[in-house]
Amino acid sequence: MSALLEAIRDEADVFVGLRREIHRHPELAFQEHRTAALVADRLAEWGYTVARGVGGTGVVGTLKRGSGPRRLGLRADMDALPIDEATGRDWSSENAGVMHACGHDGHTAMLLAAAHHLATRGRFSGTLNLVFQPAEEGGGGALRMMSDGLFDRHPCDAIFAMHNMPGIAQGRLVLREGAAMASSDYATITLTGAGGHGAMPHKATDAVVAAASIVMALQTIVSRNIDPLQMAVITVGALRAGKANNVIPASATLEISVRSLDREVRATLERRIKSLVTAQAESFGVRAEIDWRPGYAVLVNTPAETAFAREVALELLGPERVTLQGPALTASEDFAFMLERVPGSYVLIGNGDGEHAGACMVHNPGYDFNDDNLAVGAAYWVLLAERFLRAEGDTATR
Ligand SMILES: [Zn+2]
Ligand SMILES: [Zn+2]
């Protein structure tokens, strides 16, 4: 274990307390007022220049040291989920129906622990931007911060983020170059025909039959229009039509979600879904309206920054606790938008596996962030910052 990790482990207790304090007071997307105030107050106390209210409830802490020209961004998310907590922990949520079930309390605390260490003992030269974003869980807080001028006001040459992952050994770091997390898009398809008596189908235009045909036809897009070596998912998650067995309903509605790991595949899926639905509906004499709602983009880790992050992880933990190229995930993450603007890399940190409590999956009422990761995550951030913003003449290993 590196000396840096040991030093941070010695000071981790206070941040475990802080993590549990945040856990006790979870807040939903764009309502992270208490959490944002806690973050901003701490950063200001430690000497950071603090921008509050960026993109709603986002916070950016900036620390400039020396004359280094490089500018680094490190990002954590702060929001919780609408889930009733069932962990039974002493630090369980005090906000009924709201819970930190994705570990964003831990991400925030890890970055704060690193912020403290870097402010008091960090050896770096350059500009450090710590980005605490709201609303990762579907709200698109990253985009909101960006449209509020995040990177214009706080330019970054590279940006990095971290997420815990149950099912992976505690503290293991998993990196990946290239597409790492899926895009997610949504559509509501409304089919309108003409209702009628169930006994006289020839006098109606049946939206149900059209909907059924479209459900089946949609699945041919993945099997016939997408390269078999590429990932694509089209899921019809809801199909609503009719109320009675002897009435042909006038309309039917489909709710679909669409995922991919490639920007071109994503565009092909959208184009094919729209044309197939329109043509299928027309063939049944039914009108189709498609409300297409783009969600998060494909998260693509850039090669140079991923290579750099791998070196940092290896220096900190050694090869036995680092996966250099992990598998891609079909989940989505709005850090993808930041990576469309600034190069960088997203790393996973194992929350625990096997029988360990940390193996409970995120978004589950029994999930809790693994506090043993606070020191590991914070040490990774500190070392990454010190290596990226290497002070002149600093050749020391840590
Ligand atoms: Zn989540
Ligand atoms: Zn999350």
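Both ligands and their constituent atoms are indexed starting at 1 by order of listing.
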Next on the checklist: Going by salt bridge (charged side-chain N to carboxylate O under 4.0 Å, His left out), name the pairs with one or both residues in residues 344-370, residues two or more places apart or in two chains.
Outcome noted: R19-D368, R89-D368
Item to check | Residues in ring pair (Phe, Tyr, Trp, His ring centres under 6.0 Å) contact with H25, at least two apart in sequence or another chain | outcome: none
Item to check | Those residues that, when tested against Y296, pass ring pair (Phe, Tyr, Trp, His ring centres under 6.0 Å) (two or more places apart) | outcome: F337
Checklist outcome for this item: The atom name of the N, O or S atom in H363 nearest to the Zn ion (ligand 1) is NE2
Checklist outcome for this item: Given a cut-off of 2.8 Å, the protein N, O or S atoms lying below it from the Zn ion (ligand 2) are C102 SG, H104 NE2, H163 NE2
Checklist entry - Within 45° of the ring axis of F388 and under 6.0 Å from its six-membered ring centre, is that where the NZ or CZ of R70 lies? => result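 The answer is yes, since R70 meets both limits relative to F388.
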Checklist entry - Checking D262 side chain against V265 main chain: does a donor-acceptor pair fall under 3.5 Å? => result yes
Checklist entry - Heavy-atom distance under 4.5 Å between the side chains of L317 and L173, does that happen here? => result yes
